[in-house]
Amino acid sequence: MAFDLMVVDDSPAMRRFIRRVIEVSGFTVGRYLEAGNGEEALEQRDGEWVDMDLTDINMPKMDGETLVTEMRQRDHLAAIPLIVISTDATESRMDRLAKLGAQGYATKPFAPERLREEIETVLGVSPEGALVGAGLDAEGGDDEFSF
Amino acid sequence: MNLVFDRQALEEQWTAAASEVLETMFFTGVEWEVLDPEPAEPGSRIGAALEFHGACAGRLALSLEREAAESLANSFFGGPGEDGPEEDCRSVMAGLTNMVCGAMLSHLDKKSIFCLDSPQPLAALVEMSGDIEKNLRLEVGLLRLAFSLEGAEQA
């Protein structure tokens, strides 16, 4: 099963790196969309379905916290799983993002397998790509936090 | 309330943060600290700096020998990008600066929230100065690090 992902980060280098890490990890990606900030991510989402968003926090125009908040307030985006990828490993930040509605949090630096595990946990898929009962499917699902 | 920091502990944390980032994301290790490095030739190094705000504010600048930056870029991206090696080096130095700074600040105070500005390329080595300066010998070359912290008190 292939999943469509959107990576939101103001650094083209980091978007490129995350894409490489996901590919190297063996996770099967269908479409891989990119946005440079939250505003661009929301603009691209008019009529576009993706199975998961991975977003940075500190970005110009619209940061990651605002993106999470906006997504959770929009009916067609509210159920889409979202992982925050950030250098910020403070408990305060993680708690805040969890309360806003992020389901996962991966702190940089991370090993490829760590990111894959986080994606699989939040998507609710086994390492082989099969959906498992406790997680989310492509239509959305529970609000279980993985951190 | 201002953060209180121990200078020696802070220096050790910088080394630990840089090592963690380099080993995990760039597949290269820190071999040892260089106390008195040779002066750099103009144009021989490439660098980036960023400012951060929050419980305390400050600035981190990193620079690396150009060939070493190319080596890191190859490790990081898995090969040359469409924009060429110079852009790859600039991108990888920006990414490295962002990650080292984030890792360090998270260790410094887990309860506070920091905001990191986007890293900017260093136009000249004269911008490589700070309250704490370190030189780390990596497997690929010499990494220079300069860090300044405002709004924090030394213990």
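Within every chain, numbering begins at 1; the chains are lettered A, B, ... in the order of the sequence lines, protein sequences first and strands thereafter. Every value quoted in this text rests on a predicted model; they were computed, and no experiment measured them. All values below come from the heavy atoms of this structure, side chains included, with hydrogens, waters and symmetry mates left out.
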Please look at A:D10 and chain B and tell me whether the side chain, the backbone, both or neither of the residue comes under 4.5 angstrom of a heavy atom of that chain. side chain
Could you check whether any side-chain N or O of B:S106 sits under 3.5 Å from a backbone N or O of A:A89, counting only pairs where one atom can act as donor and the other as acceptor? yes
If Ile, Leu, Val, Met, Phe, Trp and Tyr residues are connected whenever their side-chain heavy atoms lie under 4.5 Å apart, and connections chain through other members, are A:V24 and A:V7 in the same group? no
So does B:E31 have more than 12 non-hydrogen atoms from other groups sitting under 6.0 Å from CD? yes
Rounded to the nearest 0.5 Å, how far does CG of B:L116 lie from CG of A:D88? 8.0 Å
Where on A:R96 is there a heavy atom nearer than 4.5 Å to chain B: the side chain, the backbone, both, or neither? side chain
Single-linkage hydrophobic cluster B:F27~B:L72, side-chain heavy atoms < 4.5 angstrom: no
I'd like to verify something: which residue of A:R19, A:M59, A:K108 has the highest number of heavy-atom pairs under 4.5 Å with chain B? A:K108
Which one, B:P119, B:A94, B:G78, B:G95, leads in non-hydrogen pairs under 4.5 Å with chain A? B:G78
Give the member of B:V92, B:V100, B:D88 that has the highest number of heavy-atom pairs under 4.5 Å with chain A. B:D88
Between B:M25 and A:F17, the two heavy atoms sitting closest are CE-CE2, 3.1 Å
With distance as the sole criterion, is a donor-acceptor pair present between the side chains of A:S11 and B:N98 under 3.5 Å? no
Is there a path of hydrophobic side-chain contacts, each under 4.5 Å between heavy atoms of I/L/V/M/F/W/Y residues, joining A:V29 to A:V122? yes
Name the member of B:C115, B:A103, B:S118 that forms the most heavy-atom pairs with chain A at distances under 4.5 Å. B:C115
B:F76 backbone acceptor or donor facing A:R20 side chain under 3.5 Å: yes
From A:T87 OG1 over to B:L105 CG, what is the distance, rounded to the nearest 0.5 angstrom? 8.0 Å
Measuring from atom CZ of A:R15 to atom OG of B:S91, what distance do you get when rounded to the nearest 0.5 angstrom? 10.0 Å
Side chain, backbone, both or neither: which part of B:D117 has an atom under 4.5 Å from a heavy atom of chain A? neither
Reported CZ-to-OG1 distance for the pair B:F114 and A:T90, which is rounded to 0.5 angstrom: 8.0 Å
Considering all heavy atoms of both residues, which atom of A:R93 and which atom of B:I113 are nearest to each other, and what is their separation? NH2-CG2, 3.3 Å
Report, by ascending residue number, the residues of residues 135-143 of chain B in heavy-atom contact with chain A at a distance under 4.5 Å; give 'none' if the set is empty. none
